[in-house]
Q: 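Questions regarding the structure given below will be posed in turn.
The structure presented is a predicted model; accordingly, all values stated were derived computationally and were not measured.
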Amino acid sequence: MQHRIVVLGAGYTGATAAGRLARRLHREDVTVTLVNAEPDFVERVRMHQVATGQRLRTRPLTALFDGTGVQVRQARVTGVDVDRRTVTVQAAHGGDGTEELPYDTLVYALGSGWDDQGVPGAAAHAHEIASRAGALRLRDRLAGLSAGQPVAVVGGGLTGIEAVTEIAEARPDLAVALVARGGLGDWLSGKGRRHLRKVVDGLGVTVHEHTTVTGVEADRVHTAGGTDLPSAATVWTTGFAVHPIARATALEVTGTGQIVVDATMRSVSHPDVYAVGDAALALGPGDKPLRMSCASGTPTAWQAADAIAARLTGRGLPHVPVRYFNQCVSLGRREGLIQYVTAYDRAVNAALTGRTAALYKELVCKAAAWGIAHPTLGLPTRRHRVVRPAPAAAGAADVRASA
């Protein structure tokens, strides 16, 4: 009987894991099913571009995985039973019935969405760009604004900076503002901060630093200092929250709902489940949790896929090092910032700026999408035969020891 591998989510991590598994394992021995609610691969790192009306290349999952052995299933995941080893799905187009998909090994890659952090009015009135649907709604809203109307981007992290500069560049007729709880780019090096300030000022963005938003209305945001900032379109980029399904299972999860995994991305409570990307509490250099990002997620997908293949084929467990090298920030289409960092993601006094940095960031985005179709980075691979099933009921201590 074939070993059934089910991968939930076809973002950067899930799609990479599925493709890598299909290239590592013999097709006669395994089935790899990739479940995703949307028919296309979504370049999440480009959603700020979608929000400003730019057209991206369509990447149908069926075309990406044609001939690989990966079975693409368009459906919405509604539940996971880790004791019965089944996944409940519903047809993506809203069909009446649900279906159970049994698995022998599960790769959980449902990722994350936007986090309104419980701020009153944010869920009702703010726009998010953590999803394609959210980016398209913001696109339509921005397209309906007339000259001089205010736009407020809440959140001074990487997503907020990319969003506010993209909007300000695409719509110089709008009054665009960034609302940041800390200082502008306060985690960057001195060179990085100076360049970011130069670009933001050049685009005419008003920056409200050290400002906390306490409420959102249809036409304004409220701040802790008592000041109301006008906003005809509020963009919320204050962080991400993981998909809630894992929390509803028997898996061991953190307080934020991330699945606790060992060094091979295997669940410490259920060894037939692996979690990758934002869904996992994965540790990097110095045993520090990895931040939610494509840069963190892709290596976890490599690690999980290679570990699953190794355990199924009786080969030695691999170790994929997960560390940081740089933070790539687009500042519109003509400017960029590449902040070099330590393995621990701390900024060093070196940064690439300007047009060269913009081109660098564009190459990174293209390489990330290319990696979905080439999950082994174009290197030749050999499909190995399954020699024994992955353990279905090992204790947590045994799982940790195997890492």
Side-chain angles (χ1 to χ4, degrees), residues 47-49 51-52 114-130 134-135 137-139 141-142 144-241 291 327 329-332 335-337 339 347 351 353:
M47 289 302 98
H48 53 285
Q49 296 177 238
T52 56
W114 75 303
D115 186 1
D116 63 21
Q117 299 183 336
V119 174
H125 300 298
H127 292 268
E128 53 91 4
I129 55 172
R137 284 191 292 269
L138 177 58
R139 179 198 66 182
R141 177 58 180 159
L142 291 175
L145 298 182
S146 56
Q149 287 193 276
V151 174
V153 177
V154 181
L158 296 177
T159 304
I161 288 172
E162 291 195 325
V164 78
T165 51
E166 199 77 42
I167 294 170
E169 181 185 86
R171 293 292 306 273
D173 58 316
L174 299 176
V176 182
L178 176 69
V179 187
R181 180 172 294 183
L184 178 64
D186 54 8
W187 73 93
L188 298 169
S189 65
K191 180 179 180 180
R193 289 194 301 273
R194 288 190 296 272
H195 184 69
L196 174 59
R197 177 72 66 175
K198 175 185 175 182
V199 173
V200 166
D201 289 347
L203 291 171
V205 175
T206 301
V207 182
H208 302 275
E209 298 178 86
H210 308 291
T211 302
T212 300
V213 172
T214 57
V216 181
E217 294 187 30
D219 61 351
R220 71 194 64 205
V221 297
H222 304 294
T223 70
T227 302
D228 287 355
L229 304 176
S231 179
T234 299
V235 187
W236 199 264
T237 67
T238 62
F240 302 110
R291 62 179 164 89
Q327 294 179 6
V329 192
S330 65
L331 304 174
E335 285 279 357
L337 170 61
Q339 175 63 64
T353 61

Q: Using only atom types and a distance under 3.5 Å, with no angle test, would you say the side chain of R193 pairs donor to acceptor with the backbone of L188?
A: yes
Q: Looking only at heavy atoms, what is the nearest atom pair of L229 and H208, with distance?
A: CD2-CE1, 3.7 Å
Q: Judged by modelled atom types alone, do H48 and S330 share a side-chain donor-acceptor pair under 3.5 Å?
A: yes
Q: Between E128 and A130, is there a donor-acceptor pair closer than 3.5 Å when you use the side chain of the first and the backbone of the second?
A: yes
Q: According to side-chain contact (heavy atoms from CB on, under 4.5 Å), who are the partners of T52, at least two apart in sequence or on a separate chain?
A: Q54, E166, I167, A170
Q: Once you round to the nearest 0.5 Å, how far does CG of L184 lie from CG of L196?
A: 4.0 Å
Q: Could you check if a side-chain atom of T353 sits within less than 4.5 angstrom of a side-chain atom of K191, using non-hydrogen atoms only?
A: yes
Q: Evaluate side-chain contact (heavy atoms from CB on, under 4.5 Å) for W187 paired with L158, printing each intermediate quantity in order.
A: CA-CA 10 Å; W187 73 93; L158 296 177; 3.6 Å; yes
Q: I'd like to know whether CZ of R291 has more than 12 heavy-atom contacts from other residues, nucleotides or ligands below 6.0 angstrom.
A: yes
Q: Scan the side chains in residues 171-180 for donor-acceptor partners under 3.5 Å anywhere in the protein, sequence neighbours excluded, and list what turns up.
A:
unit_1	atom_1	unit_2	atom_2	d
R171	NE	D173	OD1	2.9
R171	NH1	L142	O	2.6
R171	NH2	L145	O	3.0
R171	NH2	D173	OD2	2.8

Q: Any pair with a residue in residues 198-219 that passes salt bridge (charged side-chain N to carboxylate O under 4.0 Å, His left out), sequence neighbours left out, goes on the list, sorted by first then second residue, please.
A: R197-E209
Q: Which heavy-atom pair separates L138 from A51 by the least distance, and what is that distance?
A: CD2-CB, 3.6 Å
Q: Please name all residues satisfying side-chain contact (heavy atoms from CB on, under 4.5 Å) with E335, sequence neighbours left out, ordered by chain then number.
A: H195, V199, L331
Q: Could you report the tightest heavy-atom contact between A351 and L337, atom names first, then the distance?
A: CB-CD1, 4.1 Å
Q: So which atom in V216 and which in W236 form the shortest heavy-atom distance, rounded to 0.1 Å?
A: CG2-CZ3, 3.6 Å
Q: Just verifying a value: how many Å separate D228 CG and R220 CZ, rounded to the nearest 0.5 Å?
A: 5.5 Å
Q: Using the test side-chain contact (heavy atoms from CB on, under 4.5 Å), find all partners of S231 that sit at least two apart in sequence or belong to another chain.
A: A152, T234
Q: Taking only residues two or more places apart in sequence or in another chain, which ones pass side-chain contact (heavy atoms from CB on, under 4.5 Å) with T159?
A: I129, T237, F240
Q: Does T165 use its side chain to pair, donor to acceptor, with the backbone of I161 at less than 3.5 Å?
A: yes
Q: Which atom names give the shortest non-hydrogen contact between S189 and Q339, and what distance separates them?
A: OG-OE1, 2.8 Å
